[in-house]
Asker: 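Please read through the structure below; I'll follow up with questions.
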Amino acid sequence: MALFDRAIVSVLPAMPKRVVRRISSRYIAGTEIGDACLVVAGLNAAGKMATIDVLGEEITSAAEAEEIVHAYHDVFEAIRTQGLESNVSIKPTGLGLELGYELARDNIETVVRHAAERGNFVRIDMEDSSTTDDTLRIYRELREAGLDNVGVVLQARLRRTLGDVAALADLTPNVRICKGIYVEPFELAFHDFDEVRDNFVAVLDELLARGSYVGIATHDEWLIAESERLVAVHGRERDEYEFQMLLGVRKPLGDRLVADDHRLRIYVPYGEHWYAYSLRRLQENPKIAGYIAADTLGRLVPGRGNGRP
Ligand SMILES: Cc1cc2nc3c(=O)[nH]c(=O)nc-3n(C[C@H](O)[C@H](O)[C@H](O)COP(=O)(O)OP(=O)(O)OC[C@H]3O[C@@H](n4cnc5c(N)ncnc54)[C@H](O)[C@@H]3O)c2cc1C
């Protein structure tokens with residue numbers, strides 16, 4: 001089955017977009033802001049917080065980046081008027097980083113100011129390692145401009161990350177720690193599963209020791225157990241950290257965290273630019289593509305496709 005799953009994933013980029021969309025629908029709230037708000041309201045009713053991501057990684061012009069800025073403005077308004085428990089996550093490239101540093105910095109600042117006017121918070125996602133320096137520089141510039149309703153993401157996969165924790169220490173940053181999804185060269189990143197886990201634990205320990213608010217973003221049960229241990233060791237109160245998960249991934253584990261009285265925030269992406277995000281999520285977990293392909297085949301070929309979860 002693993003070979004079959006991997007084969008499906010390798011041909012995903014060549015598949016019609018509507019097929020990828022069907023396979024990836026569990027990870028995405030929809031294409032409209034109303035879709036995202038409905039999903040967030042459901043999560044809130046289940047005791048979960050959210051962070052809304054306007055998908056926009058494929059932008060090629062300043063005008064498209066500006067559209068994303070406006071989209072976030074509408075999101076803040078919707079969150080406020082509907083009384084949702086949600087902040088937002090933004091991607092520097094979606095706001096123009098590949099087109100120019102100043103453009104992205106100005107766009108991000110605008111989004112953070114819109115959030116501040118409505119008492120909301122902006123998490124700057126971390127993309128591949130070619131963007132790390134610029135992203136951390138933008139974060140520092142915003143904080144030094146007096147904006148504190150903004151947080152950043154650090155990736156345990158990168159060898160530099162403990163150094164980044166030390167370099168950011170004067171800001172006592174609000175940090176999401178995650179493994180990191182991008183494939184990086186060996187010189188820059190740990191490739192061994194246990195090394196990434198160990199670095200995640202070391203980075204989390206360091207952030208908690210330095211007084212940072214931490215969003216612990218993982219679906220890895222071993223890491224979640226280690227994180228629960230560490231927040232207890234550091235004497236963190238319930239509202240001084242949070243767990244974070246992706247929409248559509250390991251819901252029972254999230255339910256368990258909520259039942260154990262941890263705060264949990266779910267990452268809720270929506271928007272027209274759903275394609276790149278979907279490919280990443282599916283490439284991360286080939287089994288999903290495999291199940292759906294088997295199910296589809298099962299309807300065409302009797303005897304196949306009965307193994308769907
Ligand atoms: C809220 C949130 C925000 C994130 N933000 C960023 C970011 O800004 N930058 C960045 O580089 N990465 C980000 N990531 C992705 C992250 O870096 C990892 O790639 C991803 O979370 C998988 O790692 P894991 O810790 O869950 O462990 P893994 O070992 O990869 O997964 C543990 C288990 O979770 C399940 N699982 C994991 N992923 C999936 C999936 N896609 N579909 C179905 N099941 C799955 C599987 O059962 C797997 O065995 C974010 C993740 C989360 C949860």
Side-chain angles (χ1 to χ4, degrees), residues 2 5 9 12 20 23-28 40 43 48-53 55 57 86-95 97 122-132 135-136 139 150-158 160-161 164 174-184 188-201 203-204 214-227 241-254 256-257 263-269 276-292 309:
D5 296 340
V9 161
L12 278 174
V20 176
I23 297 175
S24 62
S25 58
R26 63 182 281 171
Y27 299 122
I28 297 181
V40 172
L43 291 168
K48 299 168 185 172
M49 307 178 290
T51 185
I52 296 179
D53 170 36
L55 295 170
E57 296 160 81
S86 182
N87 60 34
V88 306
S89 290
I90 61 173
K91 287 202 168 42
T93 60
L95 290 162
L97 188 57
V122 177
R123 172 80 55 195
I124 309 174
D125 285 352
M126 188 59 80
E127 299 176 86
D128 71 73
S129 60
S130 70
T131 68
T132 312
T135 303
L136 295 181
Y139 174 70
V150 57
V152 75
V153 177
L154 295 175
Q155 297 158 322
R157 184 176 309 286
L158 295 189
R160 60 179 281 171
T161 294
D164 288 332
N174 181 320
V175 176
R176 172 195 297 152
I177 171 74
C178 64
K179 286 185 180 176
I181 192 172
Y182 301 88
V183 179
E184 302 287 358
L188 301 182
F190 300 109
H191 283 200
D192 179 74
F193 188 77
D194 287 329
E195 277 186 309
V196 176
R197 271 183 168 173
D198 289 348
N199 201 38
F200 192 116
V201 172
V203 170
L204 175 60
V214 190
I216 305 163
T218 181
H219 320 90
D220 179 335
E221 271 172 274
W222 183 86
L223 267 184
I224 287 175
E226 277 297 286
S227 303
Y241 66 93
E242 65 190 47
F243 284 96
Q244 300 185 350
M245 292 187 176
L246 300 171
L247 184 67
V249 178
R250 305 209 74 176
K251 182 176 174 294
L253 185 55
R256 197 278 284 168
L257 286 170
R263 298 203 308 161
L264 175 67
R265 189 177 299 278
I266 304 294
Y267 192 99
V268 178
Y277 183 86
S278 303
L279 281 190
R280 268 213 315 280
R281 293 276 89 86
L282 293 170
Q283 280 160 348
E284 216 180 0
N285 193 358
K287 269 194 182 148
I288 302 292
Y291 286 142
I292 307 240

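Order of listing sets the numbers, starting from 1, for every ligand and every atom in it. What you see below is based on every heavy atom in this structure, not just the backbone, and it leaves out hydrogens, waters and symmetry mates.
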Asker: With a 4.5 Å cut-off on side-chain heavy atoms, are I224 and E221 touching?
Answerer: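 No, their side chains stay 4.5 Å or more apart.
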Asker: So which bit of M245 gets within less than 4.0 Å of ligand 1, heavy atoms only: side chain, backbone, both or neither?
Answerer: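 For M245, the contact with ligand 1 is made by the backbone alone.
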Asker: Which atoms of ligand 1 are found less than 4.0 Å from any heavy atom of T218?
Answerer: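 Atoms satisfying the 4.0 Å criterion: 24 (P), 25 (O), 26 (O).
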Asker: Looking just at side-chain N and O atoms, do R176 and S89 make a donor-acceptor pair shorter than 3.5 Å?
Answerer: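 Yes, a side-chain donor-acceptor pair sits under 3.5 Å.
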Asker: Does any N or O of ligand 1 fall below 3.5 Å from an N or O anywhere on V249, backbone included?
Answerer: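 Looking only at distances, the answer is no, because the N/O contact criterion of under 3.5 Å is not met.
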Asker: Can you check whether A156's main-chain N or O pairs, donor with acceptor, with T161's side chain at less than 3.5 Å?
Answerer: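 Answer holds: no.
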Asker: Can you tell me if R176 contacts ligand 1 (heavy atom of the residue under 4.0 Å from the ligand)?
Answerer: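 It does; at least one heavy atom falls under 4.0 Å.
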Asker: Provide the number and element of each atom of ligand 1 under 4.0 Å from a heavy atom of F193.
Answerer: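 So the answer, numbered in order with elements, is 29 (O).
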Asker: Check each heavy atom of R250 against ligand 1 and say whether those closer than 4.0 Å belong to the side chain, the backbone, both or neither.
Answerer: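 Contact part for R250 vs ligand 1: side chain (C-beta onward).
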Asker: Quick one: which ligand 1 atoms are inside 4.0 Å of a heavy atom on D125?
Answerer: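 With D125 as reference, the close atoms of ligand 1 come out as 8 (O).
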Asker: Which is closest to atom 51 (C) of ligand 1 in terms of heavy atoms, L154, L246, L253, V152?
Answerer: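 Heavy atom nearest to atom 51 (C) of ligand 1 belongs to L246.
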Asker: Return the set of residues passing salt bridge (Lys or Arg N to Asp or Glu O under 4.0 Å) with E184 (not counting sequence neighbours), or none when no residue passes.
Answerer: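 Once residues adjacent in sequence are excluded, E184 has no partner under the salt bridge (Lys or Arg N to Asp or Glu O under 4.0 Å) criterion.
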Asker: Does ligand 1 have an atom under 4.0 Å from some heavy atom of Y27?
Answerer: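 Yes, Y27 has heavy atoms under 4.0 Å from ligand 1.
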Asker: Going by the atom numbers of ligand 1, which of them fall below 4.0 Å from some non-hydrogen atom of Y182?
Answerer: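 Taking each heavy atom of Y182 in turn, ligand 1 has 11 (O) under 4.0 Å.
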Asker: Report yes if V153 has an N/O atom closer than 3.5 Å to an N/O atom of ligand 1; otherwise report no.
Answerer: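 Among all N and O atoms of V153, none is under 3.5 Å from an N or O of ligand 1.
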Asker: Taking H219 for the side chain and L246 for the main chain, is one N or O donor matched with an acceptor at less than 3.5 Å?
Answerer: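 Answer holds: yes.
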Asker: Would you say R26's side chain and G248's backbone share a donor-acceptor pair under 3.5 angstrom?
Answerer: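 Yes, the answer is positive, given that a donor and an acceptor are paired below the 3.5 Å cut-off.
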Asker: Specify side chain, backbone, both or neither for I181, according to which of its non-hydrogen atoms lie closer than 4.0 Å to ligand 1.
Answerer: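 Both parts.
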Asker: Among residues at least two apart in sequence or on other chains, which ones pass ring-ring contact (aromatic ring centres under 6.0 Å, His included) with F243?
Answerer: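 With sequence neighbours excluded, F243 shows a ring-ring contact (aromatic ring centres under 6.0 Å, His included) to H262, given in chain and number order.
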Asker: Pick whichever of S89, G180, C178 has a heavy atom sitting closest to atom 50 (C) of ligand 1.
Answerer: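 Ranked by closest heavy atom to atom 50 (C) of ligand 1, first place is C178.
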Asker: Rounded to the nearest 0.5 Å, what separates atom CG in D198 from atom CD in E226?
Answerer: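 It comes to 9.0 Å.
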Asker: Where does Q155 meet ligand 1, judged by heavy-atom distances below 4.0 Å: at the side chain, the backbone, both, or neither?
Answerer: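 For Q155, the contact with ligand 1 is made by the side chain alone.
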Asker: Which of these, K179, E221, E127, R157, has its nearest heavy atom closest to atom 27 (O) of ligand 1?
Answerer: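 When every heavy atom of K179, E221, E127, R157 is considered, K179 comes closest to atom 27 (O) of ligand 1.
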Asker: For the pair R123 (side chain) and N174 (backbone), establish whether a donor and an acceptor sit closer than 3.5 Å, ignoring hydrogens and angles.
Answerer: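 Yes, the answer is positive, given that a donor and an acceptor are paired below the 3.5 Å cut-off.
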Asker: Using side-chain heavy atoms (C-beta onward) and a distance below 4.5 Å, is K48 in contact with K251?
Answerer: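 Heavy-atom side-chain distance check passes, below 4.5 Å.
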Asker: With only distance considered, is H219 within less than 3.5 Å of ligand 1 through an N or O on each side?
Answerer: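 Yes, H219 has an N/O under 3.5 Å of an N/O on ligand 1.
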